[in-house]
Amino acid sequence: MVKLTWLGRLLGRRPPPAPSVTPAQWWLAEARLPFLGRLSPADRERLRTLAVAFLRGKEFHGAQGFHLTDEVMLAIALQACLPVLKLGLEAYRGWVGIVVYPGDFLIPRQEMDEAGVVHEYDDPVLGEAWEGGPVLLSWFDDPAATPGVNVVIHEFVHKLDMTNGAVDGIPALPPEIRREEWIRVLDGAYADHCAAVDRGEDTLLDPYGSQDKGEFFAVASEAFFLCPVELREAMPALYGLLARYYRLDPAASP
């Protein structure tokens, strides 16, 4: 395999001025990301440019013996840059680490109950974003292992959420979107989603989005990029709000 030039940086060697990616490498990385087909040719090229810049500015690490290949890093970079295609990589400033696990992994947790007793347990997760710290991701060679879920988009949307402080479903907003409008639309959609989950209904959005508004924003963003037509039909107000925030209209593309 032809190694990408940014790998020299990860191994402690000084990288050349600009990494080059062959058409074959792009094809391998994008083959598992059919939703990118909704982008215009210009946006597709911009996404590739952002992905290369992203890889130059971030540091990848394989955990639990996971071997990072060029294809894996390119695929992660493309998905990570999709939410910031029009927002810019400045939205991801202030941190550098991306840790990739071979499948889901365990994170030690502590919780104190009402009696003040601390309980320790291992929480199985697919990913986690840390404020000011790294993004932890699971990787499955077969995308069918996590149907309807995009771990990379989900966790990087959490990073966007953190640009405005706590993970509460309210990212730093552009001037054209008022905070009051964002809260009104998101809260309404969140309440509807939670009610549907409580009734045991099949929902377009991952039921995990009913955990809190931060998770709802993340799973709604997954749907925005993965199944935009369905999201626009099911939740038109939410779709319209996300389209204005991301400055994209993927449902309008074939």
Side-chain angles (χ1 to χ4, degrees), residues 33-40 42-44 46-47 50 78-93 127 129 131 135 148-199 201-254:
L33 310 174
F35 50 88
L36 297 184
R38 291 186 172 276
L39 296 176
S40 68
D43 282 343
R44 188 75 168 260
R46 174 175 171 79
L47 182 65
L50 284 179
L78 286 165
Q79 293 170 89
C81 291
L82 185 57
V84 296
L85 181 63
K86 298 301 176 71
L87 303 179
L89 288 178
E90 278 295 301
Y92 292 153
R93 65 185 181 276
E131 186 174 0
V135 174
V149 174
N150 188 295
V151 177
V152 180
I153 291 176
H154 185 105
E155 297 306 330
F156 278 89
V157 169
H158 281 324
K159 279 293 190 182
L160 291 179
D161 201 342
M162 292 172 185
T163 59
N164 200 31
V167 180
D168 57 2
I170 309 173
L173 299 172
E176 62 269 21
I177 301 179
R178 298 185 61 185
R179 180 183 175 89
E180 294 79 7
E181 178 189 6
W182 181 275
I183 292 174
R184 174 177 54 79
V185 174
L186 191 83
D187 283 7
Y190 174 66
D192 290 343
H193 178 65
C194 290
V197 171
D198 289 343
R199 291 192 297 267
E201 298 177 4
D202 290 333
T203 56
L204 174 66
L205 303 185
D206 189 332
Y208 187 67
S210 65
Q211 295 289 317
D212 55 55
K213 294 174 187 177
E215 296 298 344
F216 180 75
F217 174 42
V219 301
S221 295
E222 287 181 71
F224 178 79
F225 291 109
L226 299 183
C227 51
V229 174
E230 293 85 346
L231 181 64
R232 183 178 62 182
E233 293 175 352
M235 299 178 169
L238 178 63
Y239 178 87
L241 187 69
L242 294 177
R244 289 165 59 200
Y245 171 70
Y246 290 115
R247 300 170 190 169
L248 290 167
D249 188 7
S253 303

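All residue numbers refer to positions in the sequence shown, counting from 1.
The backbone N or O of Ala129 lies less than 3.5 Å from a partner atom in the side chain of Glu155, making a donor-acceptor pair. No donor-acceptor pair closer than 3.5 Å links the side chain of Thr163 to the backbone N or O of Ala91. A donor-acceptor pair under 3.5 Å is absent between the side-chain atoms of Glu215 and the main chain of Tyr208, judged by distance alone.
When all heavy atoms of Asp168 and Lys213 are compared, the pair lying nearest together is O-CB, 3.5 Å. In plain terms, the two heavy atoms of His158 and Gly214 that are nearest each other are CE1-O, 3.5 Å. Between Ala252 and Arg232 the shortest heavy-atom distance is N-NH1, 4.3 Å. Taking every heavy atom of both residues into account, Arg247 and Pro174 meet most closely at NH2-CB, 3.7 Å. Here the closest heavy-atom approach between residue Glu90 and residue Arg93 is recorded as O-NH1, 2.7 Å. Looking at every heavy atom in both residues, Ala196 comes nearest to Thr203 through CB-CG2, 3.7 Å.
Annotation: the span from Leu50 atom CG to Leu89 atom CG amounts to 5.0 Å, rounded to 0.5 Å. Interatomic distance, Leu160 CG to Tyr246 OH, rounded to the nearest 0.5 Å: 5.5 Å. With values rounded to the nearest 0.5 angstrom, Cys81 atom SG is found 6.5 Å from Tyr92 atom OH. The line from CD of Glu180 to CD1 of Ile183 is 6.5 Å long, rounded to the nearest 0.5 Å. With values rounded to the nearest 0.5 angstrom, Met235 atom CE is found 10.5 Å from Leu242 atom CG. The distance from atom CG of Asp43 to atom CG of Leu36, rounded to the nearest 0.5 Å, is 11.0 Å.
For Asp202, the CG atom counts as loosely surrounded, since its 6.0 Å shell holds 12 or fewer non-hydrogen atoms of other residues, nucleotides or ligands.
Looking at Val157 and Val219, their side chains never come closer than 4.5 Å, going by heavy atoms from C-beta outward. Counting only heavy atoms from C-beta outward, the side chains of Trp182 and Pro171 approach each other to under 4.5 Å. A heavy-atom distance below 4.5 Å is not found between the side chains of Pro83 and Tyr245. Val229 places a side-chain heavy atom less than 4.5 Å from the side chain of Arg38. Between Phe217 and Asp161, the closest side-chain pair of non-hydrogen atoms falls below 4.5 Å. With contacts defined as side-chain heavy-atom distances shorter than 4.5 Å, the pair Leu248/Lys86 qualifies.
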Checklist line | Worked check of side-chain contact (heavy atoms from CB on, under 4.5 Å) between Val84 and Phe156 | finding: CA-CA 9 Å; Val84 296; Phe156 278 89; over 6 Å; no

Note to self: What verdict does the side-chain contact (heavy atoms from CB on, under 4.5 Å) test give for Phe216 and Leu238, after you've listed the backbone C-alpha separation in whole Å, the side-chain angles of each residue and the deciding distance to 0.1 Å?
What the structure shows: CA-CA 11 Å; Phe216 180 75; Leu238 178 63; 3.9 Å; yes

Margin query: Run Leu82 and Leu39 through side-chain contact (heavy atoms from CB on, under 4.5 Å) and show every step you take.
Written below: CA-CA 10 Å; Leu82 185 57; Leu39 296 176; 4.1 Å; yes

Note to self: Would Leu231 and Leu205 count as a side-chain contact (heavy atoms from CB on, under 4.5 Å) here? Give the steps.
What the structure shows: CA-CA 8 Å; Leu231 181 64; Leu205 303 185; 4.1 Å; yes

